[in-house]
There are 2 protein chains.
Amino acid sequence: MVYKTKITVKPLSLILSTAMSKISYSIKKKEGALIKDPVMLVKSYPKMHVTVDCAIFGFDDNELKVLLIRSDLEIYKDLWSLLGDNIADDEDIDAAAYRILKDRTGMQDVYLEQVKVFSKPDRHPGGRVITIAYCTLLNTRHHELMIHDNEIHWHSFSSIDEMAFDHKEILLASYQWLQKRIQEHPLGFNLLPEKFSLRELQTLYEAILGVTLDRRNFRKKFASMKLLIDTNEFEGDVPHRPGKLYKFNFEKYEKQKNRWTGIDF
Amino acid sequence: MVYKTKITVKPLSLILSTAMSKISYSIKKKEGALIKDPVMLVKSYPKMHVTVDCAIFGFDDNELKVLLIRSDLEIYKDLWSLLGDNIADDEDIDAAAYRILKDRTGMQDVYLEQVKVFSKPDRHPGGRVITIAYCTLLNTRHHELMIHDNEIHWHSFSSIDEMAFDHKEILLASYQWLQKRIQEHPLGFNLLPEKFSLRELQTLYEAILGVTLDRRNFRKKFASMKLLIDTNEFEGDVPHRPGKLYKFNFEKYEKQKNRWTGIDF
DNA sequence: TTCGTATCGTGTAAAGCATACACCTTTGTA
DNA sequence: TACAAAGGTGTATGCTTTACACGATACGAA
């Protein structure tokens with residue numbers, strides 16, 4: 001079938017730059033003079049609050065899921081939010097995202113990538129806070145949720161309605177990012193158990209891309225990639241003929257990913 | 001020829017999350033209690049310096065160019081850096097990027113998109129500063145450089161060696177981002193004059209993608225898109241047979257970009 | 001004026017890839 | 001034992017991509 005991700009690109013838009021004068025380099029006095037003390041320079045810069053928010057996707061029960069917690073702000077009472085936190089003074093932002101994941105799910109070796117910065121001045125009711133959105137994919141079975149005081153839960157992605165802050169917008173951007181990335185790289189395997197049937201794999205792609213795919217062509221495509229290892233084991237617990245279980249050949253993919261050109265459904 | 005962008009994806013890597021305890025929400029006292037004052041909560045968060053850096057690409061003389069200024073820090077004497085600035089307290093970050101562009105090049109209606117956040121704690125010698133990288137594309141002929149006290153210059157991309165801060169890394173990330181985006185969307189037209197020959201267009205794609213393309217197939221591909229308007233004018237000032245000049249049909253593209261599936265070289 | 005050089009402009013055949021499509025097999029359950 | 005549910009497989013068709021060459025046009029130099 002004809003299908004490709006449709007990514008909306010920012011138009012060549014007339015975003016009005018707020019009328020304001022230059023605010024930086026005020027420490028610099030003379031034309032052409034070099035600044036000797038970078039620390040003084042940086043101290044003259046304004047500071048702002050920065051957080052990380054993670055859209056944590058899982059796949060279970062043939063559905064795309066997202067891990068959310070209840071907001072602990074009274075004005076967002078009964079609304080859900082992404083998992084987020086501040087960034088420590090000497091912490092790389094990727095490291096902050098990994099830390100959040102580890103604290104909340106116990107998982108360490110996880111797919112994680114930056115999506116986008118969200119910076120509307122009024123996005124947080126407590127003042128100006130910019131946030132860096134991350135997308136992560138994990139197998140819902142392979143971790144233990146760390147239940148803190150906020151209820152942490154897997155939510156069916158399609159059932160999510162209103163959210164706290166601008167987190168609905170962040171979640172949608174992360175989902176579009178995921179739709180695109182899963183066709184560029186074989187990320188889906190991060191959402192599945194180590195051994196999976198081809199039906200599970202296809203259901204995953206169908207759920208994320210929102211399409212239905214022809215079973216024979218889907219199998220042909222993955223067969224031609226030669227990145228699946230046949231385990232010679234079979235599914236159990238299914239009320240029908242069990243399918244074969246496969247593993248993804250991560251090592252082989254790592255070796256040849258320079259030549260990788262994407263999966264095109 | 002067989003060619004597709006090769007994007008390096010972040011490996012499922014073992015980035016060690018810095019061992020540290022949770023730092024936020026320290027204002028929250030009781031289990032399950034809701035926070036009434038978001039302003040107090042946000043005030044308890046740490047703050048950091050945030051800047052924007054723009055990788056401004058142009059195309060001239062059959063070459064990809066980048067707009068750079070001399071660093072005004074003594075420790076980076078004689079090194080070049082991207083155009084950047086702080087973000088004002090109530091300024092959206094996209095708006096800050098547009099402002100920088102307008103201040104330095106006088107251009108307002110320009111292609112601009114976020115690339116990535118760079119956040120290594122030691123990336124700035126003056127202290128912890130995170131920066132949000134933007135990529136912009138503009139026609140080198142259509143703007144007036146605002147010469148401030150730093151020399152601002154177009155540099156041939158391929159000739160750039162060392163740069164101030166981590167700007168080389170940012171520039172490379174922006175270039176890879178550009179290589180990928182130019183195959184997903186017809187961005188190249190932002191780098192060309194309004195009217196251009198097919199050879200100029202092909203040279204642009206070849207320069208950005210770093211490949212050579214078959215001329216007949218290239219023309220066939222663009223002809224089949226039906227997004228070029230034949231102006232019935234011809235190049236002048238060329239020491240050979242002049243080619244026809246075309247315009248890009250932006251309106252038609254806007255209408256059908258939902259169905260756009262990319263250009264594949 | 002002529003020749004050399006650089007680019008313009010064009011078409012086709014072959015290979016490869018994506019698509020559409022159906023039947024028998026295997027397992028579990030009633 | 002028969003039914004329900006999914007497993008597993010191949011082929012023909014059309015579309016897309018690729019590889020490839022030659023005459024025409026304009027300019028500049030001799």
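Below, chains carry the letters A, B, ... as their sequence lines are ordered, and counting in each starts from 1.
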Among A:Ile132, A:Thr131, A:Asp53, which residue satisfies the side chain to side chain contact (heavy atoms under 4.5 Å, CB included) criterion with A:Phe118?
A:Thr131
Taking the side chain of B:Asp214 as heavy atoms from C-beta outward, which of C:dC8, C:dC21, D:dC20 is closest to it?
D:dC20
Passing option when A:Leu227 is tested against A:Phe189, A:Phe250, A:Tyr253 for side chain to side chain contact (heavy atoms under 4.5 Å, CB included)
A:Tyr253
Non-hydrogen side-chain atoms of A:Trp260 and A:Met225 separated by less than 4.5 Å
yes
How close or far is atom P of D:dT17 from atom CZ of B:Phe222, stated in whole angstroms?
13 Å
Between D:dT11 atom P and A:Arg215 atom CZ, what is the distance in whole Å?
18 Å
Whole angstrom is fine here: how far is it from CD in B:Glu233 over to P in D:dA26?
16 Å
Value in whole Å for how far the P atom of D:dA26 lies from CG of B:Leu245:
14 Å
By nearest-heavy-atom nucleotide on DNA chain C, the more 5' of A:Val238 and B:Pro242 is B:Pro242
Has the side chain of B:Lys221 got a donor or acceptor atom sitting under 3.5 Å from an opposite partner on the base of D:dT18?
no
Report the distance from atom CG of A:Asp264 to atom P of D:dT16, rounded to the nearest whole Å.
13 Å
B:Leu198 CG to C:dC8 P: how many Å, rounded?
8 Å
D:dG7 phosphate, OP1 or OP2, under 4.0 Å from A:Arg199 side-chain N/O
yes
Do A:Leu191 and A:Ile208 have side-chain heavy atoms sitting under 4.5 Å apart?
yes
Quick one: B:Asp237 CG to D:dG28 C1', roughly how many Å, whole number?
14 Å
For B:Lys244, which contact category applies under a 4.0 Å heavy-atom criterion: base, sugar-phosphate, or nothing?
sugar-phosphate
Closest to the A:Arg216 side chain: C:dG9, D:dT9, C:dA6?
D:dT9
Please determine which of A:Phe196, A:Tyr246, A:Tyr205 meets the ring pair (Phe, Tyr, Trp, His ring centres under 6.0 Å) test together with A:Phe222.
A:Tyr205
Of all the nucleotides listed (C:dA6, C:dG9, C:dT27), which has the minimum atom distance to the side chain of B:Phe234?
C:dG9
d(CD, A:Glu235; P, C:dT26) in whole Å
17 Å
Residue B:Arg241, side-chain atoms from C-beta onward, closest of C:dG11, D:dG10, C:dC8:
C:dC8
Assess whether one donor atom and one acceptor atom, taken from the side chain of A:Lys220 and the base of C:dT19, lie less than 3.5 Å apart.
yes
For the side chain of B:Asn217, starting at C-beta, report the closest nucleotide among C:dT27, C:dT19, D:dA19.
D:dA19
Starting from the 5' end of DNA chain D, give me the residue, A:Arg219 or A:Pro239, whose nearest nucleotide shows up first.
A:Pro239
